[in-house]
Amino acid sequence: MSETRFDPSVADGRWQRAWEAAGTFTADSDSPRPKSYILEMFPYPSGRIHMGHVRNYTMGDVLARYQKMRGFEVLHPMGWDAFGMPAENAAMEKGVHPGGWTRANIAQMKAQLQRIGFALDWTREFATCDPEYYGHEQALFLDLYAAGLVYRKESRVNWDPVDMTVLANEQVIDGKGWRSGAEVEKRKLNQWFLKITDFADDLLEGLGSLEDWPEKVRLMQENWIGKSQGLEFAFDLSDGGKLAVYSTRPDTIFGASFCAIAADHPIAQGLAGDPEVAAFIDQCKKGATTAAALETAEKLGYRTAITAKHPFTGADLPVFIANFVLMEYGTGAVMGVPGHDQRDFEFATKYGLPILRVVASDPARADEPFQGEAEAGDGVIVNSDFLNGMSVEDAKEAVITRAEQGGWGEGRTVWRLRDWGVSRQRYWGTPIPFIHCDTCGVVPVPKDQLPVTLPEDVTFDIPGNPLERHPTWKHAPCPKCGKPARRETDTLDTFVDSSWYFLRFASQPADRPFDPEEVAKWMPVQHYIGGIEHAILHLLYARFWTRALAHTGKIAVKEPFAALFTQGMVTHETYSRIDAGRGVPVFFGPEDVNRTSEGATLLADGEAVEVGRVIKMSKSKKNVVDPDAIIARHGADAVRWFMLSDSPPERDLPWSDAGIEGCARFVQRLWRLFQAYDAQAQGEDKALDRKTHQTIAAVASDIEALGFNKAVARIYELTGAVEKAAPSASRSAAIRALVHLAAPMMPHLAEEAWAAMGEGLIADAAWPEVDPALLVDDEVTIAIQHMGKLRDTVTAPKGASKEDLEALALASANLQRSLDGAAIRKVIVVPDRLVNIVT
RNA sequence: GCGGGCGUGGCGGAAUGGUAGACGCCGGGGACUUAAAAUCCCCUGAGCUUUGCUCGUGCGGGUUCGAGUCCCGCCGCCCGUACCA
C-alpha cells in the first residue's frame, strides 16, 4: 500500500465546510434528545485569537463533541464581548471608529476560530455591540428598574482630570490614572447602581449549591460578599456627642480599653482645625496599599481629648484617630479590645493601653497574662460581670439582647459587598435608557423606543465622553411631558453585557431579550469554562443578574452555571539579554531565537540569549506564539492535541516547539494506522479486545471529569497496542474505536479516516458501546512482598482464592531467599493485587 | 499577615492506602537510506559487590503488614487578598 501523509492544509478546510454545509453543530431546541449546554467565556474582540483562547475553546469543544456522540443535543455557541475601552483607545490612537475597529477584529477572529474546527453553532453568533443585543439589555435594565433594583445615587468616584473620565479602582495606580498619569481626584457624581446587596445573602447561600464549582472560586466569592454578624452600638462621648461602633465580638465588650476612629471619620474631620490632627490625618492617607504591606504596617494613632463612656462599666475610654480603621467598613469606628484582637493588641502595646483578659480557656485562668499576642480563639467569658462563665456565642447574644433592651445598640449584619456601580462616562457601551427632564425628573425611555442606539458621528480627538459633547444626540423630548429634556449620556459597565449573554445564546427572539420556555430547555449551562481571573466580578455579576431575573419572574433558574471550570494559562519560556546601556532586560520572541537542548541563541547574531522562566504568554515579554502560524504549519488537530496533552487542564501548559512537533508526528502516526484498516480481516485477539474496551470506558470517564491529559495518554497506549497487534477482526475493530476516540480531539483527522471506513460524519456517530465483560482481565499480576517490600511478581487467574495466591507467593524463589528461613507471623492477601508476608 | 493550591526522573506529568515514575517530550544507541528527512527497534531515577540488592515522591516525626497518598510539625514555590472591627 502506498503511504500517504495526512494533509491538514486540505483536510481541515474540507471537513469544516462539510460540517457547515450539514449544519452538524446547529443546536435544535425542539430535539427530543436530552440537552447539554457547553459554554466557554466569550472573547473580547481584541484583534487576534491567542493560545489561551485556543486552549479554552478546545476543552469546551471536546466536551461538546463528546456529548453529541453520547446522544445529547448540544448547544455550543460563540459570540463577542464587544464593548469596552480598547476600542475607544484604538479610536484615539489610530483615528478609527470603535465600531469599525471592533467589526474588523471580529471578522478576523471568527476566521481564526473556524480554522481550528470548533464545533460551534454559528447561527446563534452575536456581538454585544449589536443594537439588537444591547436594545434588549436596555429593556432588561428597565425591568430591573421597575422592580426597584436600579437606583441613582451621588457617589465618590475616581476622576481623571486629563482624560475627563471616571476610572475604575483597578485603573488607578499609585493614585494616578493608568493612561494619563494624572493625579486622580475624588469627585462626587450621580451614578447608576444595581442593588446587588439585596441578594447578598442569596448569593452567599447559593454558593453552597454549586458543588461542581472549584472550592477556590466559591471561597473567593464568599470573602468578597463578606458577611459578618455583630453589634452596632453608640458610646456617649465626653463632648456630648455619640460614637457609633460596630463589633463582631460584643462578648468581649468588658475588655474594651479604647475607641478608634478612621482618619476620614466626621469626628476626626471636625478636629482637623488643629494642625497636629490635620498632619496626622494626612499621614494616614499615605503609605502602602497592598494587603501584605498593610498587614505588617505599623499601627499609628492620635489620642484626641475626647473620651467615650463604657456602656456597662461607665469607664472613660480614650478615643484615638487610627490608621488601621477604615471609614468604608462598618461605622468607621471600633471599640478596641486588645486582649482578643491582634490589631488592637499591637496598638495598645504601642500606646501603653490596658490589655484586659475577658476570655480564658477555663474560669480558673481568668488572670493569666498574654503571651505577646492577642487570643482570638474560643473559651469562657471571665472578668465580665453578668457574662462570666458564658460561652463566647452565648455572651454575644446576651450583650446584643441587653443593648437592644436598653435602646443603645442592635444586632446588625454587615456586608463587604457594595452595590454595583454601572455608570461609565464612555462612548463604546450600552446607553443607559433614561431621560432627564427638568419637570418630570428621571424618566425611563419607553420600551417601544428601544434600542437607544449610539450615534455614529462621534469624535475622539479630545478627551471626555463623546456622547456628552455630541451636538444633537443627548437632546430628546421627555417621554412623559414632551418638553425638551436631556438623554442620559452614561453607558453601562461592560460586565452588564456579559451578565446575560448565555441566555441570549439559548434563545434569541426579535421582540424580547429571550423566550423563557426556550431558555428553560437549555439552562443552566452544564459546563462553563474560562479563566480564574473572572472568579469574582463576572461570575458574581452573572449570578446576580440571573437571580434578579428569577426574582422578577422572567426565568426559573437561579444559578446560571451548574459546573464551572477554570483552566490554566498557556505559558512559554522567555528569551532576553540585559541591555548594556540601560541595565534592563530586552526580550526576544521565540521566532527570533534558535532553541537547542543546551540553550538559546539569537538568529540575528548567533550569540547566546538567556532562557528565562516559563511564564504566561504576554506581549511585553514577547513570549507569544501565534496560533495561526502554528495551524498553518502543523494543522488544527496537532494544535488541539497539544492543548489537551500532558498538563492537567487546571494547571498551566508550557508551550514548546518540541511538544507541538511531537503532536504533529502523532497525527501522522494515527493516520498511518487508520490507513492500515482492513474491514475483511479475520480472527479474534481477546487481549486487544479487552484493551480496546477498557480504553473506550476510561477515555469516556476521563473526558467527563475533564481529565483530558489522561484521556490523551490512554489513546497513546491503545495506539501502541494496536500497532503491535497482528491483523485480525479485533484489530480492525480497535482501529474503528480509535477513530471514535480521536473524533472529539482531532476531528479533521477522524473525519478523513472515517470517510474511508464508515458512513456519514463521525461527528454524528455514536460513541462506541462498551462490553462490560471485556473491562476485566482474566489474568492479573500479583505482587509478592516481604514486609511490604516487593520481592517478585507472578501471574494468576483473576479471582484466584487467597489460599492459591499464598501458595503461589511461597513458591517464589526470590521470596524464599528474602525470607531466609524466618518464621512467618502473618500473611496478608489482597485478592487480584498482592501477597505480603510478615515475619 | 490571612486564605487557597502545589512540591514525584533532565522536562510536562501518571498512580481507589497495595508493584512509584503510566503516557508524552528531551537525550543516547541501533536499523533502513548514497545521504538526509520520515519511519521502526532498544535504552533512559540514582547507586552497587548486578540470577539480584540498596536508596528514592521537599524536610523531620507518626499511624499501618504496607504511605507519593492518612496524621502532626517544619521548609519552599505559586495564586488570591480585605488592617473587615
Side-chain angles (χ1 to χ4, degrees), chain A residues 3 5 214-220 222-224 226-228 230-232 245-250 252 260 262 288 290-299 322-326 328-337 341-344 346-347 414-416 532-533 535-536 568 571 596-597 614 641-642 645-648 650-654 656-663 665-666 668-669 672 707 709-720 723 781-793 813-814 817-818 825-830 832-839:
Chain A
E3 193 173 272
R5 284 179 64 79
E215 181 64 23
K216 179 190 174 108
V217 174
R218 287 193 284 170
L219 258 165
M220 283 166 75
E222 190 180 319
N223 289 338
W224 187 265
K227 180 181 190 174
S228 69
L231 170 70
E232 181 175 329
V245 300
Y246 174 73
S247 172
T248 55
R249 293 294 305 273
T252 64
T290 67
L294 284 173
E295 193 65 44
T296 48
E298 196 178 13
K299 307 284 178 277
N323 65 345
F324 66 90
V325 181
L326 307 175
E328 296 78 46
Y329 189 81
T331 61
V334 299
M335 67 168 183
V337 184
D341 179 282
Q342 186 57 28
R343 286 165 323 179
D344 295 349
E346 287 168 31
F347 190 80
V414 169
W415 304 88
R416 191 186 107 82
I532 186 72
E533 67 273 19
I536 296 175
T571 57
T596 68
S597 54
V614 178
W641 189 248
F642 186 97
S645 302
D646 292 356
S647 289
E650 68 278 10
R651 285 203 218 168
D652 290 350
L653 173 68
S656 75
D657 288 345
I660 186 66
E661 280 158 21
C663 291
R665 277 199 300 274
F666 183 65
Q668 296 300 337
R669 186 177 153 200
R672 283 192 299 277
N709 57 321
K710 293 185 217 170
V712 162
R714 307 226 190 243
I715 291 174
Y716 273 116
E717 274 189 72
L718 181 59
T719 302
E723 283 170 341
T781 305
I782 304 293
I784 299 174
Q785 298 179 337
H786 175 207
M787 302 299 286
K789 282 186 192 293
L790 183 71
R791 284 296 175 255
D792 206 351
T793 57
N814 285 347
R817 186 167 26 202
S818 179
R825 287 197 294 133
K826 197 172 167 187
V827 179
I828 288 159
V829 182
V830 181
D832 296 332
R833 277 222 171 255
L834 62 79
V835 178
N836 186 15
I837 309 291
V838 183
T839 57

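Within every chain, numbering begins at 1; the chains are lettered A, B, ... in the order of the sequence lines, protein sequences first and strands thereafter.
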Any A:Asn814 side-chain nitrogen or oxygen under 4.0 Å from OP1 or OP2 of B:rG52: yes
Gap in Å between the two C1' atoms, one belonging to B:rC72 and one to B:rU63, rounded: 11 Å
From OH (A:Tyr716) to CG (A:Leu718), nearest 0.5 Å: 13.5 Å
Touch class at under 4.0 angstrom, heavy-atom based, for A:Val325 against every strand present: base
First encountered from the 5' end of RNA chain B, between A:Glu328 and A:Ala658: A:Ala658
Nearest listed nucleotide, side chain of A:Arg817, among B:rC23, B:rU51, B:rC84: B:rU51
Sugar-phosphate, base or nothing in reach of A:Val334, heavy atoms under 4.0 Å: base
B:rG1 and B:rG10, which share atom name P, separated by this distance in whole Å: 32 Å
Contact pattern, 5' to 3', of nucleotides 4-20 of chain B - B, S or - by protein heavy atom under 4.0 Å: S-------BSSSB-BB-
Rounded C1' spacing from B:rA15 to B:rA22 in Å: 8 Å
Short N-O contact, A:Arg343 and A:Glu346, less than 4.0 angstrom: no
Syn or anti conformation of B:rG61, syn meaning chi within 90° of 0: anti
Rounded distance in Å - CZ (A:Phe666) to C1' (B:rA38): 17 Å
5'-most by nearest nucleotide on RNA chain B - A:Asp344 or A:Lys826: A:Lys826
Watson-Crick or G-U wobble mate for B:rG9, both contacts under 3.5 Å: none
Pairwise C1' distance, B:rG45 and B:rC26 [rounded to whole Å]: 15 Å
Sugar-phosphate only, base, or nothing, as touched by A:Arg218 at under 4.0 Å among non-hydrogen atoms: nothing
Side-chain donor/acceptor of A:Arg665 to base of B:rA38, under 3.5 Å: no
Donor + acceptor pair across side chains of A:Ser228, A:Tyr246 (<3.5 Å): yes
OP1 or OP2 of B:rA85 under 4.0 Å from side-chain N/O of A:Arg416: no
Between B:rG3 (C1') and A:Ile532 (CD1): distance, integer Å: 13 Å
Side chains of A:Val325 and A:Phe347 in contact at under 4.5 Å (non-hydrogen atoms): no
Polar pair under 3.5 Å, donor/acceptor by atom type, side chain A:Asn223, base B:rA82: yes
Under 3.5 Å: donor-acceptor pair, side chain of A:Thr571, backbone of A:Leu653: yes
Pairwise C1' distance for B:rC23 and B:rG13, with rounding to whole Å: 9 Å
Whole-Å P distance, B:rG62 and B:rG52: 33 Å
Spacing of A:Phe347 atom CZ relative to B:rA85 atom C1', expressed in whole Å: 13 Å
C1' spacing across the pair B:rG24 / B:rA35, given as an integer number of angstrom: 30 Å
Min side-chain heavy-atom separation A:Arg249-A:Asp341 under 4.5 Å: no
Nearest-Å distance for atom pair CZ/C1', residues A:Arg669 and B:rG24: 10 Å
Nearest-Å distance once atom P is located in both B:rG60 and B:rU8: 16 Å
Please tabulate, for the side chains in residues 785-792 of chain A, all donor-acceptor contacts under 3.5 angstrom to protein atoms that are two or more places apart in sequence or on a different chain.
{"from": "A:His786", "atom 1": "ND1", "to": "A:Ser818", "atom 2": "OG", "distance (Å)": "2.8"}
{"from": "A:His786", "atom 1": "NE2", "to": "A:Thr839", "atom 2": "OG1", "distance (Å)": "3.0"}
{"from": "A:Arg791", "atom 1": "NE", "to": "A:Ser818", "atom 2": "OG", "distance (Å)": "2.8"}
{"from": "A:Asp792", "atom 1": "OD2", "to": "A:Ser812", "atom 2": "OG", "distance (Å)": "2.8"}

Rounded distance (nearest 0.5 Å) linking atom NZ of A:Lys710 with atom CG of A:Asp646: 14.0 Å
